[in-house]
Student: 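Structure below; questions to follow.
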Amino acid sequence: MTPMSGLRPKERTMKIHVYAGLKDYFEPEFEVEGEARNTDELKTLLVAINGKAEAMLSSCRFAVEEGFIDNAYKLNSHDTIVIIPPSSGG
Amino acid sequence: MTPMSGLRPKERTMKIHVYAGLKDYFEPEFEVEGEARNTDELKTLLVAINGKAEAMLSSCRFAVEEGFIDNAYKLNSHDTIVIIPPSSGG
Amino acid sequence: MTPSLSFRPAVGGREVLSAEPIDMVGMLAGAHHPGAGAVVLFSGEVRDNNRGRPVSHLEYEAYAPLAAKMIGEILAEAKTRWSLQIAVAQHRTGVVAVGDTAVVVITASAHRSEAYAANRYIIDRIKHEAPIWKCEHYADGTHEWGNNCNCHAVTGDVSKHIYESHG
Amino acid sequence: MTPSLSFRPAVGGREVLSAEPIDMVGMLAGAHHPGAGAVVLFSGEVRDNNRGRPVSHLEYEAYAPLAAKMIGEILAEAKTRWSLQIAVAQHRTGVVAVGDTAVVVITASAHRSEAYAANRYIIDRIKHEAPIWKCEHYADGTHEWGNNCNCHAVTGDVSKHIYESHG
């Protein structure tokens with residue numbers, strides 16, 4: 001745990017943006033508290049917040065800025081994680 | 001030979017319309033004299049007029065009014081025979 | 001019966017042959033349908049060269065009564081086969097300048113596969129089968145009737161054509 | 001680095017995402033090239049029903065920075081692969097009424113096979129891969145995010161999609 005901005009040590013938070021059908025389960029933008037080093041761990045945190053989102057989350061991609069990330073990407077506390085459901089398709 | 005319009009018996013004539021590349025060998029509209037009961041016989045008459053048209057004529061279709069005809073069609077002296085080279089294709 | 005000089009209207013009421021510039025924008029504006037989620041437009045345009053030889057313009061000639069009848073039949077067949085809401089086409093006759101449109105085909109259907117497949121089918125059949133011919137006028141002043149359908153060289157029958165898949 | 005809020009321009013200089021109605025006529029007017037003999041336009045339009053249920057309107061949401069980047073890359077790839085003279089696209093965001101256009105793709109090439117194949121490729125990839133989502137608003141007041149790409153159910157990978165042949 002690293003002290004942030006001179007404040008007392010606190011749990012790490014990450015900014016999350018969700019779109020489309022995921023907004024039925026989460027606010028469009030929110031912060032999640034907890035330790036998630038990669039997207040699999042982030043999914044676990046999110047399912048803990050709302051278990052009903054589990055099925056949809058399993059079909060989602062994740063992005064930071066203009067690029068997709070996979071589970072090998074090491075999440076940083078300053079990243080805004082974008083969660084991307086399947087596209088409009090047909 | 002059938003007398004036509006009360007005039008003396010004369011050789012049968014057919015009106016011919018040609019298009020596109022065939023106009024390099026024939027006038028756009030002309031009459032051909034001679035006996036042609038079907039399109040094969042008409043081709044023979046036309047090759048006799050201009051032998052250079054033989055190759056192109058072999059790839060042409062024939063039509064009367066708004067319909068294609070094949071060699072089984074019995075040509076009538078009042079028909080205008082339209083000779084149709086291959087279409088513009090590609 | 002004499003050959004009709006009036007060209008048969010296409011499904012949408014527009015003539016399928018035109019001696020005047022094609023109103024592509026007007027055709028497209030009219031090609032919407034509340035049940036159609038996909039509209040595909042093809043425009044065949046005059047290129048500035050033919051196999052590298054500079055072209056000044058093209059000239060299209062048609063045996064109009066039969067060409068119009070055939071295009072109408074091709075459109076009607078495609079409309080049925082792919083359950084299209086809209087199938088329209090218009091082909092130029094006369095002189096067409098470089099960059100101008102020689103032929104337009106528009107199809108509309110509920111989903112996109114059908115609109116694409118039908119559009120391609122219609123233009124392929126028009127180009128191979130309708131009695132319409134193209135004369136290339138070159139920048140050097142010469143001209144040439146050509147680029148014609150040559151399917152009969154393979155099929156052995158001037159009425160049999162070879163097409164790519166039409167979905 | 002913060003995510004860019006300006007959408008990347010498409011190959012033709014037009015933005016690939018638009019919150020305003022798509023100027024399809026203007027796009028088509030600009031999509032001519034003296035070396036292109038074939039122009040193909042696809043317009044995806046809002047149908048009045050979804051599987052028979054009356055639709056009042058659609059709403060499109062996009063993760064704009066990534067969607068714009070991806071569409072630009074898809075267009076550039078198609079342009080190279082099929083030697084296109086022109087490849088442009090624009091996708092709506094926000095509310096789109098029944099009968100209005102949600103997405104337009106225009107391709108131009110020397111011959112028609114390439115323009116058709118590339119056009120289909122571009123719209124398929126945009127629909128399956130770009131982060132753009134559709135919410136159906138029904139006449140009964142309900143709404144539903146859906147009709148989504150479901151390829152991962154077959155491929156087992158949310159990044160792997162199934163396409164029909166692209167010539």
Side-chain angles (χ1 to χ4, degrees), chain A residues 13-32 36 38-44 46-47 50 52-90, chain D residues 1-8 44 46-47 50-51 58-73 91-93 96 102-103 123-136 143-153 155-164:
Chain A
T13 64
M14 277 176 296
K15 286 187 187 151
I16 309 290
H17 288 193
V18 304
Y19 286 90
L22 276 178
K23 295 190 298 185
D24 292 345
Y25 304 108
F26 302 102
E27 292 297 310
E29 303 186 8
F30 63 101
E31 294 198 357
V32 62
N38 54 41
T39 57
D40 279 353
E41 292 184 5
L42 177 58
K43 266 189 255 193
T44 303
L46 294 169
V47 170
N50 188 341
K52 291 178 182 165
E54 185 167 14
M56 185 173 289
L57 282 168
S58 72
S59 65
C60 285
R61 290 172 292 173
F62 293 79
V64 172
E65 295 182 356
E66 295 177 21
F68 289 109
I69 58 172
D70 62 19
N71 196 51
Y73 179 90
K74 189 180 175 310
L75 297 177
N76 301 302
S77 59
H78 62 271
D79 286 338
T80 296
I81 316 293
V82 180
I83 311 185
I84 296 179
S87 301
S88 66
Chain D
M1 283 227 312
T2 49
S4 166
L5 288 176
S6 66
F7 307 153
R8 302 282 176 93
V46 176
R47 287 186 300 147
N50 179 31
R51 297 178 185 132
L58 296 192
E59 192 176 350
Y60 285 91
E61 187 172 65
Y63 174 46
L66 181 53
K69 181 184 167 217
M70 288 181 75
I71 294 173
E73 289 171 353
H91 202 300
R92 277 296 310 277
T93 57
V96 186
V103 55
I123 190 60
D124 283 355
R125 284 201 60 202
I126 289 175
K127 291 255 196 179
H128 282 266
E129 298 180 36
I132 300 172
W133 304 276
K134 175 167 69 178
C135 187
E136 314 247 9
H143 72 271
E144 185 180 27
W145 290 99
N147 267 332
N148 289 336
C149 163
N150 197 34
C151 294
H152 60 274
T155 63
D157 182 336
V158 293
S159 298
K160 289 206 168 62
H161 300 271
I162 301 162
Y163 296 112
E164 294 184 39

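By convention in this document, chain letters (A, B, ...) are assigned in the order of the sequence lines, proteins followed by strands, and residues within each chain are numbered from 1. Reckoned from all heavy atoms, side chains included, excluding hydrogens, waters and symmetry mates. Everything numeric here is computed off the predicted structure, so don't read it as measured data.
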Student: So how far is it from E129(D) CD to I84(A) CD1, rounded to the nearest 0.5 Å?
Tutor: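 Rounded to the nearest 0.5 Å, the CD-CD1 separation comes to 12.0 Å.
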
Student: Without swapping roles, check the side chain of W133(D) against the backbone of P85(A) for a donor-acceptor pair under 3.5 Å.
Tutor: yes

Student: Sort T80(A) into side chain, backbone, both or neither according to what part of it lies under 4.5 angstrom from a heavy atom of chain D.
Tutor: neither

Student: Can you tell me which residue among H128(D), H161(D), H152(D) is in a side chain to side chain contact (heavy atoms under 4.5 Å, CB included) with P86(A)?
Tutor: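 Among H128(D), H161(D), H152(D), the one meeting side chain to side chain contact (heavy atoms under 4.5 Å, CB included) with P86(A) is H152(D).
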
Student: Looking at A130(D), G44(D), A153(D), which one has more heavy-atom pairs under 4.5 Å with chain A than the rest?
Tutor: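 Among the listed options, the one with the most contacts to chain A is A130(D).
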
Student: Near E54(A) CD, under 6.0 Å, is it more than 12 heavy atoms from other residues, nucleotides or ligands?
Tutor: no

Student: Given a strict heavy-atom distance threshold of 4.5 Å, which part of D24(A) is in contact with chain D: side chain, backbone, both, or neither?
Tutor: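 For D24(A), the contact with chain D is made by the side chain alone.
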
Student: Treating Y63(D) as the side-chain partner and E65(A) as the backbone partner, does any N or O pair qualify as donor plus acceptor under 3.5 Å?
Tutor: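 Indeed, once roles are kept as given, a pair shorter than 3.5 Å links the two residues.
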
Student: Between A67(D) and chain A, with a heavy-atom cut-off of 4.5 Å, which part of the residue counts as in contact: side chain, backbone, both or neither?
Tutor: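 When you check distances to chain A, no heavy atom of A67(D) falls under 4.5 Å.
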
Student: Considering all heavy atoms of both residues, which atom of E66(A) and which atom of L66(D) are nearest to each other, and what is their separation?
Tutor: O-CD1, 3.0 Å

Student: Who are the salt bridge (Lys or Arg N to Asp or Glu O under 4.0 Å) partners of D40(A), not counting sequence neighbours?
Tutor: none

Student: For the CZ atom of R125(D) and the OG atom of S87(A), what is their distance to the nearest 0.5 Å?
Tutor: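 Here the rounded value is 11.0 Å.
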
Student: Any chance CD of E27(A) has more than 12 other-residue heavy atoms, nucleotides or ligands included, within less than 6.0 Å?
Tutor: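 Open: at most 12 neighbouring heavy atoms sit under 6.0 Å from CD of E27(A).
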
